2 protein chains.
Amino acid sequence: MANINDIAKRAGVSVSTVSRVLNNNPYVSESKRAAVQSVIDEMDYTPNRLAVDLIRKETRNIGVIMPYNNNQAFDQMLHGVLNRSVELGYTVMVLPTKYNPETELNYLNMLKSKQLDAVIITSRSNPWELLTPFTKYGTIVSCEYTEHPEIGCAYMNRYASFVEAFTLLKDKGHIRAAFTTARGEESNSTKLTIKAYQHVFGDLLPEYHVSNCYNIDDGVRAAQQLLTTHLRPTAVYANGDEVAAGIYQYTRGAQLLVPDDLAIIGQENQPVGIGLGLTTVDHRLVQVGEHAFNLAIHKSTDKIEIPYRVIVRQST
Amino acid sequence: MANINDIAKRAGVSVSTVSRVLNNNPYVSESKRAAVQSVIDEMDYTPNRLAVDLIRKETRNIGVIMPYNNNQAFDQMLHGVLNRSVELGYTVMVLPTKYNPETELNYLNMLKSKQLDAVIITSRSNPWELLTPFTKYGTIVSCEYTEHPEIGCAYMNRYASFVEAFTLLKDKGHIRAAFTTARGEESNSTKLTIKAYQHVFGDLLPEYHVSNCYNIDDGVRAAQQLLTTHLRPTAVYANGDEVAAGIYQYTRGAQLLVPDDLAIIGQENQPVGIGLGLTTVDHRLVQVGEHAFNLAIHKSTDKIEIPYRVIVRQST
DNA sequence: TTGAAAGCGCTAACAG
DNA sequence: CTGTTAGCGCTTTCAA
């Protein structure tokens, strides 16, 4: 395939002139510019992006680290990132970890190997101490709040939102509630949920917390587990509308009425929640993704809180 | 940052030797290999991937062209691609077009500029004639069937599935049905839907086809439109479970019973469809994505048909 | 087994 | 305004 030298020869100019034309450098006479451009068109030439990036030390590629890519919550953030990246001519690489710390570290190493200008971490599986050193090689933005001054973040106030959800249930007369989470206590989000629960309801019965919930099936399983304990919960806060939908589904089979027998709150305002009329806490994850992208390309270390909202529907 | 020369100097060997160690070339004495490795570790060196790719003429990056990234159907295919890519050490770039032909062409140009080894097209907005020339620069795989011998494809038999869905409705006693589509007749999928409809039901009343449907809101709008025509349809085949969910939602507000007053079939077996108990045609899009990826990395031009399945639930 | 040297395709001083 | 030249960081002959 033709390269810049071929174009230069054929146009009777030096490679610098071709490069200047390519990069819209003003210091090129109109005649030469036209000549070069016509050769470029004629030979259907496209510069090699690897060579350009190598010398410019910039790729305009940004990576999005996410545990799962078939998860509505993370897909929303990815969607936000893509919204902005397309506008601004950046390319996005999807980096799924399945919460494997080693995989995550390999992805961060892409900053060091110059494949990526920046990385957005939607959810992490390593302690910050292992992650922050990579800021030497590129920008790291988090979708979770962190004190670390070298990490920008676009985050939601998870704790406040959890407290609000539980309070909503308490105000409806529930003395206690159950809840589901994705991971166990290794996860910050889970820890915050527990803390918020205790703040609102006091002591937590261990059997009222079901972890490892990601989709509808997990919700069904959780409901099965929760609704057959000796002290049946009257309300449940699910970590996502799909999980909530699974719980809802189980109640129908068990002849239980929502919200009378069981109140349900989901998260992230997903289609299934809209369809089923589930009350939900929308953390506005698309906005989180958009802001994270902005921070990334501006190499900003700002901390931006994205306000959440509670959408009350028929399930509470 | 340290480069291969620094390592070579510090280890007292030539860059070739370092390169050999890096690439596990067997022709390196154990002593030198150890020396080089220890310098690499000590200096925390990582090779520059751009330089490597530039010279190897391969990136192990593959692009996935999709109209929208916040659409369950395309996300399923992307998910399939990611499943395999992670296993095999490839990186995936998400390339959303919003069905803009120019944007799509720019993405294909990434093959030419050596940013990408292959491109998977989940849905296209240009005629094949404009796309196939790019096979000169890299592999192109399609998730839609095409005759073009230079294009591999992992596809579903859309037409057959549409015929089956309409036939299911006809067998239930419906004399005609309405349906929704994403795009208009510029889209192959829409054309096939119409053709399948006519095959099963004969003439199509123009007001029974609503296009531009992507999500729940579009479904509500479509239902509104369809259920207020003078000859109200008794069944509708939606192009996705979210759209179907919107239609379902509208029927509740309108005091109509599903399936007695209106039968509904969706597509892609999405969470909202499971939650609502919607009959659906599952095109197994995750599998489509997985196969597409395999074709891409093997530079294969095979044509693989992925079997669909109909999941009957309570909405028909 | 090892190293020198010639690139890969491009950008950017620098000198003119 | 234009061309020469020195790289960017790596792989890979080729000869030793």
Side-chain angles (χ1 to χ4, degrees), chain A residues 1-37 39-40 43-61 109-117 136-138, chain B residues 1-37 39-40 43-61 109-117 136-138:
Chain A
M1 237 176 62
N3 63 26
I4 198 172
N5 289 295
D6 301 331
I7 305 297
K9 267 179 216 149
R10 187 112 161 209
V13 299
S14 72
V15 293
S16 346
T17 299
V18 177
S19 176
R20 288 190 187 100
V21 172
L22 252 18
N23 297 291
N24 294 311
N25 182 313
Y27 298 120
V28 183
S29 66
E30 267 324 304
S31 63
K32 297 224 173 196
R33 183 184 302 278
V36 168
Q37 191 57 55
V39 173
I40 287 176
M43 306 200 44
D44 197 23
Y45 165 75
T46 298
N48 183 314
R49 184 65 183 269
L50 296 171
V52 174
D53 289 351
L54 173 60
I55 201 165
R56 288 228 179 107
K57 299 179 187 318
E58 193 201 40
T59 61
R60 294 178 80 86
N61 289 160
N109 216 49
M110 293 171 79
L111 290 173
K112 202 167 154 191
S113 65
K114 297 293 172 194
Q115 275 192 96
L116 252 31
D117 293 346
K136 275 203 296 286
Y137 311 111
Chain B
M1 234 177 63
N3 63 25
I4 198 172
N5 288 295
D6 301 330
I7 305 296
K9 267 179 215 151
R10 187 111 161 209
V13 299
S14 73
V15 293
S16 340
T17 300
V18 177
S19 176
R20 289 190 187 100
V21 171
L22 252 18
N23 297 291
N24 293 310
N25 182 311
Y27 297 119
V28 182
S29 66
E30 268 322 305
S31 63
K32 297 225 174 193
R33 183 183 303 277
V36 168
Q37 190 58 56
V39 174
I40 287 175
M43 305 199 44
D44 197 24
Y45 165 74
T46 298
N48 182 313
R49 185 63 185 269
L50 295 170
V52 174
D53 290 351
L54 173 61
I55 202 165
R56 289 227 178 109
K57 299 180 186 316
E58 193 201 39
T59 60
R60 294 178 79 85
N61 289 160
N109 215 49
M110 292 171 79
L111 290 172
K112 201 166 155 194
S113 65
K114 296 294 172 194
Q115 274 192 98
L116 251 31
D117 293 346
K136 275 203 297 286
Y137 312 110

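Just the heavy atoms: all of them, side chains too, but no hydrogens, waters or symmetry mates, feed the values below. Predicted, not measured: the structure shown is a model, and the values here were computed from it. Here is how names work: the chains are called A, B, and so on, in the same order as the sequence lines, proteins then strands, and each is numbered from 1.
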Q. Short question: side chain of B:Asn3, backbone of B:Asp6 - any donor-acceptor pair under 3.5 Å?
A. yes
**Q.** chain B footprint on DNA chain C, 5' to 3' - any atom under 4.0 Å from a heavy atom
**A.** C:dT1 to C:dG9
**Q.** Interatomic distance where CG belongs to B:Asp53 and P belongs to D:dG9 [whole Å]
**A.** 15 Å
Q: Identify the heavy atoms of A:Lys114 and A:Tyr137 that sit nearest to each other, and give their distance.
A: NZ-O, 4.3 Å
Q | Rounded interatomic separation in angstrom, taking NZ from A:Lys112 and C1' from D:dC10 | A | 17 Å
Q. To the nearest angstrom, how far is B:Arg56 atom CZ from D:dT12 atom C1'?
A. 11 Å
Q. Shortest non-hydrogen contact from B:Pro47 to A:Ser113?
A. O-CB, 3.4 Å
Q: Could you list by number each residue of residues 13-31 of chain A showing a heavy-atom separation from DNA chain C of less than 4.0 Å, or answer none if no residue does?
A: A:Ser16, A:Ser19, A:Arg20, A:Asn23
Q: Would you name the heavy atoms of A:Val28 and A:Arg33 that are closest together and state the gap between them?
A: CB-NH2, 3.6 Å
Q.
Between P on D:dC10 and CD1 on A:Ile55, what's the gap in Å once rounded to a whole number?
A. 15 Å
Q) A:Asn48 has an atom CG; how far is it from atom P of D:dC10, in whole Å? A) 17 Å
(Q) Tell me the interatomic distance from B:Leu54, atom CG, to D:dG7, atom P, rounded to whole angstroms. (A) 18 Å
Q | For atom CG of A:Asn5 and atom P of D:dG3, their distance in whole Å | A | 13 Å
Q: Could you tell me which non-hydrogen atom of A:Gln37 sits nearest to which non-hydrogen atom of A:Val21, and how far apart they are?
A: OE1-CG1, 3.8 Å
Q) Which heavy-atom pair separates A:Ile4 from A:Val15 by the least distance, and what is that distance? A) CD1-O, 3.8 Å
**Q.** Min side-chain heavy-atom separation A:Met1-B:Lys136 under 4.5 Å
**A.** no
Q: Check every strand shown and say whether A:Lys32 touches a base, only sugar-phosphate, or nothing at a heavy-atom separation below 4.0 Å.
A: sugar-phosphate
Q. Does any non-hydrogen side-chain atom of A:Met110 lie less than 4.5 Å from one of A:Asn61?
A. no
Q: For B:Arg49 and D:dT11, give me the distance from atom CZ to atom C1', rounded to whole Å.
A: 15 Å
Q. Starting at the 5' end of DNA chain C and moving along, which residue's nearest nucleotide shows up first, B:Arg33 or B:Ala51?
A. B:Arg33
Q.
Classify A:Lys57 by what it touches in the nucleic acid, base, sugar-phosphate, or nothing, heavy-atom distance under 4.0 Å.
A. sugar-phosphate
**Q.** Check: A:Asn23 side chain, A:Asn25 main-chain N or O, donor-acceptor pair, under 3.5 Å
**A.** no
Q.
Under 4.0 Å from OP1 or OP2 of D:dG9: is there any side-chain N or O of B:Asn3 that close?
A. yes
